[in-house]
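In what follows, a structure is listed as structure tokens, so that the remarks can point back to it.
One-based numbering, in listed order, for ligands and for the atoms of each. Start at 1 with the first residue, then count along the sequence. The figures here come from the full heavy-atom set of this structure, side chains too, leaving out hydrogens, waters and symmetry mates.
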Amino acid sequence: MTRLFSGIQPSGELHIGNFLGAIHNWVELQNTYEAIYCVVDLHALSGDFDPAILSERTLTMARHLLACGIDPDKSVLFVQGHVPEHAELMWIFCSVTPIGELERMTQFKDKSARQLSINTGLLIYPVLQAADILLYKGEVVPVGEDQVQHLELTREIARKFNTRFGPTFPEPASRLSTAKRIVGLDGQAKMSKSLGNTIGIIESPESMWDKLRPAFTDPARQRKSDPGEPTRCNIFTLHGYFTPAENQNEIASACRGATIGCFDCKKILHKNMSDRFEPIRQREAELQSKPGYVVDVLEAGASAARSIARQTVGEVREKMGMLPCQTAGGD
Ligand code: TRP
């Protein structure tokens, strides 16, 4: 089976943007690939993070992934910081990564423009990402569009390493999800926790409604009698993911003909969306009641990941001509 790797930041709660753009896909892909999924706590250190809640957020993210259907019998789920080889391989990759490539990464430029003091982690973030994937010789990487550039760099790092030290790594391909970019409830920017425009997947139906009710729609619809254009409305886009196709058509013509108001349109979406997440919400509650289980899954995942990681780093060290140490890395 082809090996697949992907990672997600420990942002705490999963929201529907994460779910539609990535996790829904992850759950499907574990049936056809040898999947390795990672909560990337080391990456989180390059941004704003609160030491008081980092571990809780990491655990919550893992619990939500399991609630969504990541199955430890099918795939490996682990926490990046539990496998020190990620950091080691990153350092090694720094030696084949041109600094100019890092400086021109769109995500680096965006993030560094918003900060007064820019830490080195922000710059070498994509090198750590390349190490994540190549440590496991991952060939397929499900990511959102915003990560495609980082995957190009990953392939370049693999190529540069292979050219200099001999064939070692595959050149991994990105696999885009069909839901490309989920726009937040403000109707403006990508759904993202830092922008506060999200709906969490395990929120109660009431809380989902509190967020949907004021959500941005087609600005042409000031009154119910104003005809709308569904393709301009983010609520209609969301119907595309939660509402059966035939009802979508009805809603679209009712919007164009001004026979349905935004309030009722949102009510339908709310019903379909909260029904869809009900089983996930229940599983999450069950998992909350047995926190030891989630910890055990992550421990077993780290152990499986570590045994692959050690092999790769052993091979890399040898190819680079480093002096071996008999006592290092043993258990
Ligand atoms: N940078 C990715 C993101 O923000 C997360 C990530 C880290 C990742 N390591 C990875 C994704 C390896 C895919 C593969 O979405």
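Figure legend: Lys290 and Tyr293 shown as a cation-pi pair, the cationic atom lying under 6.0 angstrom from the six-membered ring centre and within 45 degrees of its axis. In this structure, Lys267 forms a cation-pi arrangement with Trp209, its terminal cationic atom sitting closer than 6.0 Å to the ring centre and no more than 45° off the ring axis.
Aromatic ring centroids of Tyr33 and Phe5 lie 6.0 Å or more apart.
Ring-plane geometry between Phe78 and His86 is classed as tilted, the angle between the planes lying from 30 to 60 degrees on a 0 to 90 degree scale. Between Tyr125 and His150, the two ring planes are tilted [angle within 30° to 60°].
Electrostatic pairing of Glu315 and Lys137 counts as a salt bridge here, judged by a charged N lying under 4.0 Å from a carboxylate O.
Contacts of ligand 1 (protein heavy-atom distance under 4.0 Å) are Phe5, Ser6, Gly7, Val40, His43, Tyr125, Gln129, Asp132, Ile133, Val141, Val143, Gln147.
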